[in-house]
Amino acid sequence: MNLLRPLAAALLAIATVASAHAQDRVLNLYSARHYQTDEALYENFTQATGIRIHRVDADDAGILARLKAEGASSPADVILLVDAARLWRGEQEGLFQPVKSSLLEARVPAQFRGGVSPQGAQWWGMSTRARVIVYDKARFKPGDVDSYEKLAGPAFKGQFCVRSGSHPYNLSLFGSLLEHLGPAATEAWLKGLVSNMARSPKGGDTDQIKAVASGECGVALTNTYYFARLMRSNKPEDRAIVEKVGVMFPNQASWGTHVNIAGAAVAKNAKNRDAAVKFLEYLASDAAQKYFADGNNEYPIVPGAAINEALRALGSFRAETVPIAKVGANTPLVQQMLDRAGFR
Ligand code: FE
């Protein structure tokens, strides 16, 4: 008996050290995503790796400002942002570091990576969302709204509603059009949109969908997940909105519908770099992709991963293939055009 006592004590000591070590392993995540399903995502990662996630929630602009203010002493390891224009901005401001990972390269299509160098990409898309046209089904037909270009046409005088032109979702869409149409046609198109507005830009995408349902606007722009959220709602007033409003994936006959991303990056001054890369790789796994995309009714970035029933009901579509990093890089020029066009 007595002989076993030192062994038991030694084993206990080892176990204590091991668990203390596991508790020490913490990954600091700055996230602009706030969805219930993300909790399960983080718990699965902790169970698989023993690395705990410490999350700081803020919006995209708040996260970028915080990273800048913290500088080299920032505790951030992983950054999650929800728009290519913002990811591009973070890269420009030197807030991320390149990541070389054969797993991420195999799973995240090249179109959805930012700042690619021999050292790897500075950010990686983890889900996509399409920017679609919603329209009043009582007044317009699908053929009226089958391209973004048509929104600037005479049929929509006083009919167009949209959130602020400078919002990243619009900057990215307009940056995509700049890539496809060139600067002169894009600026003319933006001026056409301004002259077609039913009201000054205000509210978020859901407000535009509601304004179409109420008859205040004939057409508007929204990200797919805002409409999918209404489709999955069991409130009668949301069901009524979905009944009245049509959804069109524009430009199927030309370059495809504009898609944006939510994406992840490793912070420039990450103290836990290896764990941060491991977390990005985990987010690209089949199981994590399902949770990550479903949490906000988005499309998984990994081709072939499952999508939720609301997105299935919206139907399949052809997406544009322009690199999202190019779209981000176009946004400063787009902002100048918006200022000239009086698009607030
Ligand atoms: Fe959003």
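Counting starts at 1 for both ligands and their atoms, following the listed order.
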Whether Phe45 and Phe279 hold their rings parallel, tilted or perpendicular, with breakpoints at 30° and 60°: perpendicular
Check: Tyr35 ring centre within less than 6.0 Å of Tyr291 ring centre: no
NZ or CZ of Arg33 within 45° of Phe292 ring axis and under 6.0 Å: yes
Listed protein N/O/S atoms, distance to the Fe ion (ligand 1) under 2.8 Å: Tyr169 OH, Tyr225 OH, Tyr226 OH
Tyr225 and Tyr169 aromatic ring geometry - parallel, tilted or perpendicular at 30°/60° bounds: perpendicular
Geometric cation-pi criterion, Arg66 with Tyr30: 6.0 Å, 45°: yes
Geometric class of the Phe156/Phe140 ring pair [parallel <30°, tilted 30-60°, perpendicular >60°]: tilted
